Amino acid sequence: DDLRELEARVSVCRACPRLVEWREDVAVGKRKSFADQPYWGRPIPGWGDPAPRILIAGLAPAANGGNRTGRVFTGDRSGDWLFASLYRIGLANQPTSEHAGDDLRLSGARMIAAVRCAPPANKPTPEERDTCAPWFRRELELSLATARAIVCLGKFGYDALLSGLASLGATIPRPRPKFGHAVEHQIPTPQGEITVLGCFHPSQQNTFTGKLTEPMLDAVLTRAKTLAGL
Ligand code: DU
Ligand code: SF4
């Protein structure tokens, strides 16, 4: 089907030299704690329910997280926080994700990232973001057939998502609606209206400092669930 074809095509993309080098170097070098594990080391497509009601959008996979497991937002501390929350509210079948063979499943939700390859320091360049945009756009387009709520993790993911929606013909209000935790914006798209929700990124920077708490994360995902009719 369309999604499988997209996954197959993106999985061999080498369009960004800096990211190709980084994703492969990390996969060969490996972090000590994962020395005995295989690393994916390639582009990471969206993952989860193929007909999602909720999309969870971020910026890019993590070098020792998604770049290792092959599944975006898994295998690192941010993923641990996210999946614990998804499990608490009933969208994931287990609270943790260790590796790609762990039977983890999402129901009603799908995770996508604006950039498919892990960037150094978790920061793709604007050029890399733009190079990956056609993959993101197509993935978003396929998901919009069913999705009614999109949760954006962090401001970078939020900005990329609004740009992706705009490229698909969505009407983004001017001035651009602002990012914030638990903000909600209704966005008309050619495939129907969707609600975009902001959520602070579950990175250690936010979770260690208490800027993002478990109840705050659960509340945004629960709201998305309600909006999506789940
Ligand atoms: O082979 P498959 O059942 O289509 O699943 C592919 C992949 O997506 C697998 O890692 C499970 C996950 N997944 C999911 O999380 N939720 C679904 O509803 C369907 C598949
Ligand atoms: Fe290709 Fe995107 Fe990876 Fe760049 S970031 S190499 S465009 S998949």
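Note that the numbering runs from 1 along the sequence shown for the chain. Because only heavy atoms are used, hydrogens play no part in the values below, and waters and symmetry mates are left out as well, while side chains stay in. Because the structure is a prediction, the values reported are computed rather than measured. Order of appearance sets the numbers: ligands from 1, and atoms from 1 within every ligand.
One finds the CD1 atom of Ile150 at 5.5 Å from the CG atom of Leu144 (value rounded to the nearest 0.5 Å). Taken from CD1 in Ile89 to CG in Leu91, the straight-line distance is 4.5 Å, to the nearest 0.5 Å.
A donor-acceptor pair shorter than 3.5 Å cannot be found between the side chains of Glu184 and Thr195. With 3.5 Å as the limit, one finds a donor-acceptor pair spanning the side chains of Arg176 and Ser163. With 3.5 Å as the limit, one finds no donor-acceptor pair spanning the side chains of Asp49 and Ser107. With hydrogens and angles left out, the side-chain atoms of Thr146 and Arg53 include no donor and acceptor closer than 3.5 Å.
Ligand-side atoms of ligand 2 in range of Val115: 5 (S), range being under 4.0 angstrom from any heavy atom. Heavy-atom contacts of Leu19 reach the following atoms of ligand 2: 5 (S) (cutoff under 4.0 Å). Near Pro43, meaning under 4.0 Å from any of its heavy atoms, are these atoms of ligand 2: 8 (S). Close contacts between ligand 2 and Thr131 involve ligand atoms 7 (S) [criterion: under 4.0 Å to a heavy atom].
Aromatic ring orientation, Tyr158 versus His185: tilted (interplanar angle from 30° to 60°).
Residue side and main chain included, Cys13 places an N/O/S atom under 2.8 Å of atom 1 (Fe) of ligand 2. Residue contact annotation: Cys16 places an N/O/S atom under 2.8 Å from atom 4 (Fe) of ligand 2. Among the atoms of Cys132, an N, O or S atom falls under 2.8 Å of atom 2 (Fe) of ligand 2.
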Pairs under 3.5 angstrom, nitrogen or oxygen on both sides, ligand 1 versus protein: list them out, please.
from     : atom 1 : to     : atom 2 : distance (Å)
ligand 1 : 4 (O)  : Arg4   : NH2    : 2.7
ligand 1 : 10 (O) : Trp47  : NE1    : 2.9
ligand 1 : 13 (N) : Gly48  : O      : 3.4
ligand 1 : 15 (O) : Leu106 : N      : 2.8
ligand 1 : 16 (N) : Leu106 : O      : 2.6
ligand 1 : 18 (O) : Leu106 : O      : 3.4

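Cation-pi contact between Lys211 and Phe200: present, with separation from the ring centre below 6.0 Å and deviation from the ring axis of at most 45°.
Every pair tested for ring pair (Phe, Tyr, Trp, His ring centres under 6.0 Å) that includes a residue from residues 5-52 fails, sequence neighbours excluded, so the list is empty.
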Residues Arg68, Thr74; criterion side-chain contact (heavy atoms from CB on, under 4.5 Å); working and verdict: CA-CA 9 Å; Arg68 175 171 56 88; Thr74 69; over 6 Å; no

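If you look at Cys117 next to ligand 2, the close heavy atoms, those under 4.0 Å, come from the backbone and the side chain alike.
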